[in-house]
Number of protein chains: 2
Amino acid sequence: MAAPRANMSYRDIKQVVLDRIHNKIWPPDSLLPSETDLAEEFSSTRTTVNRALRELAEEGYLERKRKAGTRVLNAPVRKAQFAIPLVRDEITENGSEYRYALVERTVLPAPAWLSARMDIPQGRDVLHLRCMHYAGNAPFQYEIRWIVPDSIPDVLEADFSSSGPNDWLVQKVPFTNLELSFLATKADQSVAEFLDAQAGDPVFTAERITWLRGQPVTLAKLFFAPGYRMTTHL
Amino acid sequence: MAAPRANMSYRDIKQVVLDRIHNKIWPPDSLLPSETDLAEEFSSTRTTVNRALRELAEEGYLERKRKAGTRVLNAPVRKAQFAIPLVRDEITENGSEYRYALVERTVLPAPAWLSARMDIPQGRDVLHLRCMHYAGNAPFQYEIRWIVPDSIPDVLEADFSSSGPNDWLVQKVPFTNLELSFLATKADQSVAEFLDAQAGDPVFTAERITWLRGQPVTLAKLFFAPGYRMTTHL
DNA sequence: AAGCCACTTATGTCTATATATATAGCCATT
DNA sequence: AATGGCTATATATATAGACATAAGTGGCTT
């Protein structure tokens, strides 16, 4: 048990508070003393205590409301953070060589499901790409991508034969909103062939839609090779 | 473009900085002016600018180093945050009725794979549970759980027949470390039956291991019913 | 009893200032 | 050319004090 002493940093205070929560000195649902009181106890200032409590609240341990005070959350809704790396980085950081191949490139009117999903006017032309990402010689990810060219200059002239749309978009088009889903899909014949799997095999899949200030930019379906796990620690 | 004016809050400053990044006024890899300079430009104080930049760095837009300054990250490694809700909450928040059933409860020596995975001494007794979580009448999640009773008082006496181990553990046992993985698995006969699926169907699966100060606490495999998506926005 | 308002209080945020600490860049020495 | 130390500087954090804002509380009114 950390004992309060003078000159405690906001980190120290965080730790003490966490300890007290763990040791049920401040049990779930209970109210913490006010910032002012804590500042006095720790011979610190309200600013410092504030930072400690604010961060703990962000991390999901506490709930804070003006006037109501700071409360210990009973079920710490801890949040899992997943970095969303570029495939390229994910592969190279793993020590493998990254290799990319463009499978198909077409421009076609947005199919109905895509219009609905991304809120694109019916029949608007979109750029459709299919690509493969390899880790060394092993297939790593099969990518099906739709790009709305309207608000993206040059995208129709971009050359995606030697580097992926991901790289290009990251460089050229920032996004303001993103929806990311993870799900399990069943490999169809085509996906199975690209990923070196059997048709019907379960495939870990990510769907990623981005917008730039309300304008839909791109939708990507990313099919990961069998055995893929998305892991995080905290 | 937000124009700098007096009395800008740290939120305003964040927005201006973000705008400038988006508009390539501060392109990727470039160095921002120092906090002192920005404070002057925004007729604010270093403290306020500091908070704005610190948060933007946390959000993955900037990289900050003492003396080196603040730099714009070229590939904004934005981080996806997933709340890890209790199944119960996930179901009730969806408007459905939560129902729980215990399928099996045994105490047995830890199998080898579990010992290895969680770093438990070979042959140590562990508690093994299988449970079902329903949303209304529809199967929602099939849970296979292993609990290391060593450091958890009362767990062997706990009654898991009417409420799940998740609820119990959350109440009784805090954790300090967590490993969370998402993957796609193939439903075996048993999983398929519980989830009302066909054997061989792809199943979105989460694996969750927790520790308390280095001691392994519990491993859960959570199999979600067909059609499940884990979604986040940012 | 129900509704409304004023008061109080805890957090939220900003200002102003000071000290701490890491380190890039330079210079001198080996 | 490599090494080691110095210094200037940018961020990191702490202090003290002020005002802003949300929201319980209690009292007053109807």
Side-chain angles (χ1 to χ4, degrees), chain A residues 2-18 20-21 25-73 76-77, chain B residues 2-18 20-21 25-73 76-77:
Chain A
R5 45 166 235 278
N7 287 341
M8 292 180 66
S9 75
Y10 79 98
R11 281 167 208 279
D12 299 332
I13 295 180
K14 277 178 77 171
Q15 196 50 60
V16 172
V17 172
L18 261 185
R20 291 190 183 170
I21 292 174
I25 294 176
W26 291 327
D29 272 332
S30 65
L31 214 53
L32 265 62
S34 77
E35 292 185 348
T36 316
D37 293 351
L38 287 175
E40 193 184 351
E41 180 192 343
F42 298 139
S43 1
S44 174
T45 57
R46 207 166 78 75
T47 315
T48 304
V49 171
N50 178 279
R51 177 158 181 194
L53 297 186
R54 177 157 40 85
E55 291 195 358
L56 286 172
E58 248 162 45
E59 290 164 28
Y61 293 100
L62 301 174
E63 185 189 33
R64 322 194 69 202
K65 266 172 29 198
R66 275 173 169 140
K67 163 70 186 178
T70 301
R71 201 169 279 284
V72 179
L73 284 179
V77 185
Chain B
R5 45 166 235 279
N7 287 340
M8 291 179 68
S9 75
Y10 78 97
R11 282 168 208 279
D12 299 331
I13 295 180
K14 277 178 77 170
Q15 196 51 60
V16 173
V17 172
L18 261 185
R20 291 190 183 170
I21 292 174
I25 294 176
W26 291 327
D29 273 333
S30 66
L31 213 54
L32 265 62
S34 77
E35 291 186 346
T36 316
D37 292 352
L38 287 174
E40 192 183 351
E41 180 192 343
F42 297 138
S43 1
S44 173
T45 56
R46 214 169 74 75
T47 314
T48 303
V49 171
N50 178 278
R51 177 156 181 196
L53 297 187
R54 176 158 40 87
E55 292 194 359
L56 285 172
E58 249 162 46
E59 289 163 28
Y61 293 100
L62 301 174
E63 186 189 34
R64 321 193 72 205
K65 265 170 36 196
R66 274 173 168 141
K67 163 73 184 176
T70 301
R71 200 169 280 283
V72 179
L73 285 180
V77 185

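So that the names make sense, note that chain A is the first sequence line, chain B the second, and so on, each numbered from 1.
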Does [X] have a side-chain nitrogen or oxygen under 4.0 Å from the phosphate oxygens OP1 or OP2 of [N]?
| X | N | result |
| --- | --- | --- |
| A:R11 | D:dT13 | yes |
| B:R64 | D:dA12 | yes |
| A:R46 | D:dT15 | no |
| A:T70 | C:dA10 | no |
| A:R51 | D:dT13 | yes |

(message) On DNA chain D, compare the nucleotides closest to B:L53 and A:Y10; which residue's is nearer the 5' end?
(response) B:L53
I need the [atom1]-[atom2] distance between [X] and [N], as an integer number of Å.
| X | N | atom1 | atom2 | value |
| --- | --- | --- | --- | --- |
| A:D12 | D:dT13 | CG | P | 12 Å |
| A:K14 | D:dT13 | NZ | P | 10 Å |
| B:E40 | D:dA10 | CD | P | 13 Å |
| A:L62 | C:dT11 | CG | C1' | 13 Å |
| A:L38 | C:dA10 | CG | P | 11 Å |
| A:N50 | D:dA18 | CG | P | 18 Å |
| B:R66 | D:dT13 | CZ | P | 7 Å |
| B:E58 | D:dA12 | CD | C1' | 13 Å |

Classify the nucleic acid contact of [X] as base, sugar-phosphate or nothing, counting any heavy atom under 4.0 Å across all strands shown.
| X | result |
| --- | --- |
| B:T45 | base |
| A:T47 | base |
| B:R71 | nothing |

Minimum-distance nucleotide to [X] side chain [options: [options]]:
| X | options | value |
| --- | --- | --- |
| A:E35 | C:dA10, D:dT11, C:dG12 | C:dG12 |
| B:K67 | D:dT9, D:dT13, C:dA10 | D:dT9 |
| A:T48 | D:dT15, C:dA24, D:dT11 | D:dT15 |

(request) Taking all heavy atoms of B:I25 and all of B:P27, pick out the closest pair and write down the distance. (result) O-CD, 3.4 Å
(request) Could you grab the distance from atom CG of B:L38 to atom CD of B:E40, nearest 0.5 Å is fine? (result) 10.0 Å
(request) Go through the steps for A:E35 and A:R46 under the test salt bridge (charged side-chain N to carboxylate O under 4.0 Å, His left out), then give the verdict. (result) CA-CA 6 Å; A:E35 292 185 348; A:R46 207 166 78 75; 2.4 Å; yes
(message) For A:R54 and B:K65, find the nucleotide of DNA chain C closest to each by heavy atoms; which residue's nucleotide sits nearer the 5' end?
(response) A:R54
(request) Evaluate the criterion salt bridge (charged side-chain N to carboxylate O under 4.0 Å, His left out) for residue pair B:E58 and B:R54; output intermediate values, then yes/no. (result) CA-CA 6 Å; B:E58 249 162 46; B:R54 176 158 40 87; 5.1 Å; no
(request) Kindly indicate, with the supporting measurements, whether the criterion side-chain contact (heavy atoms from CB on, under 4.5 Å) is fulfilled by B:Y61 and B:V17. (result) CA-CA 10 Å; B:Y61 293 100; B:V17 172; over 6 Å; no
(request) Assess the side chains of A:R64 and A:T70: does a donor N or O sit below 3.5 Å from an acceptor N or O? (result) yes
